[in-house]
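If you're wondering where the values come from, they're calculated on a predicted model, not measured in any experiment.
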Amino acid sequence: MPEVSVDGRRISYLSGPDAVDASKLAIIMIHGSGGDGKDWSYQVEGLSGPFGVIAIDLPGHGGSEPPAETSVEAYAKRVEGFVRALGLSKVFLIGCSLGSAITQWLGLEKPEWLAGLGIVGGGARLKVLPAFLEGLAKGSENSLESFAGFAVSEGASEQVKGNVLEKLRSAPPGTLVGDLTACNEFDVLDRISAIDLPTCIVVGENDRLTPVKYSKFISDRVKGSQMSVVPNAGHLVMIEQPDEFNRIVAKFAVDMIN
Ligand code: COA
């Protein structure tokens with residue numbers, strides 16, 4: 001996977017061919033807690049061509065150099081450095097879960113270099129069930145399995161369920177807890193209406209970690225946002241229903257640039 005140096009640290013990413021091309025809209029995707037850029041493999045494959053698509057490995061995830069961060073703001077600053085290091089000026093930034101918190105933070109604090117926001121399995125506040133945080137901090141396998149189970153819908157295939165569990169299990173120790181701590185402390189409920197960017201909100205109808213009402217809360221407050229509820233999908237909607245997800249994002253992106 002290609003790499004770039006951001007503030008002296010190696011950041012790796014997944015990208016389609018000619019991803020950095022000033023003539024195309026750049027789409028940068030940010031994974032959720034304990035994930036990595038490969039969580040967006042279907043999007044990099046399906047949306048590249050008309051768009052320049054890049055999926056970052058956050059610090060300490062996938063091939064990116066540790067340590068991981070433990071706050072949304074710290075991650076957001078790394079993502080901003082990554083965009084600068086690639087020389088991109090206007091970006092459609094899409095994030096899932098923890099990634100959605102990073103996109104919201106940047107949409108509020110650094111809108112200058114953003115063309116639009118994608119909030120996927122998101123929420124303007126992301127409190128984490130204390131039982132997850134405590135169990136994962138103790139290294140409980142039950143908590144890991146339970147959390148992985150909640151990340152997809154009950155109807156997800158065994159392969160998808162297995163892949164999600166394996167991904168979380170293989171994250172470096174402490175990374176998932178650090179990410180969930182960042183989520184737990186994230187709260188822009190009172191500020192979300194200040195986002196003034198084209199905003200595409202996507203949520204799985206069976207999302208058990210960030211229920212549909214969290215997305216509705218954002219869509220009711222962000223002027224001109226568009227919300228899509230995807231059937232037969234849970235929190236990781238881009239993995240469970242990749243074709244429908246890509247269709248929604250591509251349409252939004254085309255409308256945004258026209
Ligand atoms: N958007 C809109 N409303 C929200 C919200 C959000 N992002 N986060 C919380 N709220 C609402 C809740 O719906 C609730 O409203 P209600 O009283 O009308 O039902 C109210 O704010 C208080 O919620 P909260 O502060 O979360 O406290 P709680 O005691 O109801 O629940 C948890 C705490 C952790 C049990 C709950 O947040 C939860 O189940 N979270 C999902 C599981 C999880 O761990 N997700 C991981 C996210 S990465």
Side-chain angles (χ1 to χ4, degrees), residues 1 14 29-47 55-58 60-63 68 94-101 118-123 126-184 201-215 228-249:
M1 285 192 9
L14 187 67
M29 300 183 152
I30 313 173
H31 59 79
S33 299
D36 63 30
K38 289 183 184 150
D39 294 348
W40 302 100
S41 297
Y42 296 113
Q43 285 64 48
V44 171
E45 195 183 321
L47 297 170
I56 186 174
D57 287 345
L58 289 171
H61 297 68
I94 300 179
C96 178
S97 198
L98 169 64
S100 88
I119 297 174
V120 182
L126 292 173
K127 279 263 172 284
V128 178
L129 212 55
F132 283 147
L133 268 178
E134 287 157 21
L136 291 167
K138 286 185 198 145
S140 152
E141 177 63 19
N142 277 350
S143 298
L144 189 72
E145 285 179 15
S146 168
F147 183 75
F150 270 76
V152 289
S153 66
E154 284 182 56
S157 69
E158 290 309 310
Q159 190 182 354
V160 165
K161 288 178 180 166
N163 288 347
V164 168
L165 178 59
E166 266 323 296
K167 171 71 65 75
L168 293 176
R169 198 178 263 146
S170 63
T175 303
L176 181 56
V177 173
D179 287 354
L180 291 177
T181 301
C183 288
N184 199 40
I201 301 164
V202 187
V203 60
E205 71 169 342
N206 304 315
D207 191 326
R208 291 179 286 172
L209 288 179
T210 51
V212 172
K213 68 176 177 183
Y214 288 9
S215 288
S228 302
V229 181
V230 178
N232 302 317
H235 191 55
L236 298 175
V237 50
M238 70 288 191
I239 292 175
E240 282 194 68
Q241 296 298 340
D243 294 337
E244 177 61 2
F245 183 89
N246 288 358
R247 191 193 62 74
I248 291 165
V249 168

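Rounded to the nearest 0.5 angstrom, Arg247 CZ and Ser228 OG are separated by 7.5 Å. Residue Asp57 holds its CG atom at 9.0 Å from CG of Asp39, rounded to the nearest 0.5 Å. With values rounded to the nearest 0.5 angstrom, Ile119 atom CD1 is found 11.0 Å from Thr210 atom OG1. Remark: Asp243 CG to Gln241 CD distance equals 8.0 Å, nearest 0.5 Å. To the nearest 0.5 angstrom, Asn246 atom CG is 4.0 Å from Leu47 atom CG.
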Under the side chain to side chain contact (heavy atoms under 4.5 Å, CB included) rule, what do Leu209 and Asp207 come out as? Steps first, then yes or no, please.
-> CA-CA 6 Å; Leu209 288 179; Asp207 191 326; 3.9 Å; yes
Stepwise, does the side chain to side chain contact (heavy atoms under 4.5 Å, CB included) test hold for Val237 with Val203?
-> CA-CA 7 Å; Val237 50; Val203 60; over 6 Å; no
Show your working on side chain to side chain contact (heavy atoms under 4.5 Å, CB included) between Cys96 and Leu236 and close with a plain yes or no.
-> CA-CA 8 Å; Cys96 178; Leu236 298 175; 4.0 Å; yes
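The main-chain N or O of Gly234 is never found under 3.5 Å from a side-chain atom of Asn206 such that the two would form a donor-acceptor pair. The closest donor-acceptor contact from the side chain of Arg208 to the backbone of Val152 lies under 3.5 Å. Judged by distance alone, the side chain of Gln43 and the main-chain N or O of Met238 form a donor-acceptor pair under 3.5 Å. Of the possible donor and acceptor atoms, none in the side chain of Asn232 sits under 3.5 Å from a partner among the backbone N and O of Gly155.
Nearest approach of Ser97 to Gly32, heavy atoms of both residues: CB-CA, 4.3 Å. Here the closest heavy-atom approach between residue Ala68 and residue His61 is recorded as CB-CE1, 3.9 Å. Closest heavy-atom contact between Ser100 and Leu126: OG-CD1, 4.4 Å. Pairing each heavy atom of Gly37 with each of Ala55, the nearest pair is O-CB, 3.4 Å. Residue Val230 comes nearest to Ile248 through the heavy atom pair CG2-CD1, 3.7 Å, listed as atom of the first residue, atom of the second, then distance. Between Val177 and Leu133, the shortest heavy-atom contact is O-CD2, 4.2 Å.
Listed by chain and residue number, Phe147, Phe150 satisfy the ring-ring contact (aromatic ring centres under 6.0 Å, His included) test with Phe132 (two or more places apart in sequence, or in another chain). With sequence neighbours left out, the ring-ring contact (aromatic ring centres under 6.0 Å, His included) criterion links Phe245 to no other residue. Remark: Glu145 pairs with Arg169 by the salt bridge (charged side-chain N to carboxylate O under 4.0 Å, His left out) rule, at least two apart or across chains. Remark: Asp36 pairs with Lys167 by the salt bridge (charged side-chain N to carboxylate O under 4.0 Å, His left out) rule, at least two apart or across chains. For Leu98, the side-chain contact (heavy atoms from CB on, under 4.5 Å) test picks out Ser33, Leu58, Val72, Tyr75, Ile102, Asp179, Ala182, Cys183, with sequence neighbours left out.
The side chain to side chain donor-acceptor pair (under 3.5 Å) analysis of residues 150-160, with sequence neighbours excluded, yields the pairs Ser153-Glu240.
In this structure, Leu176 and Leu144 have side chains that are in contact, with non-hydrogen atoms separated by less than 4.5 Å.
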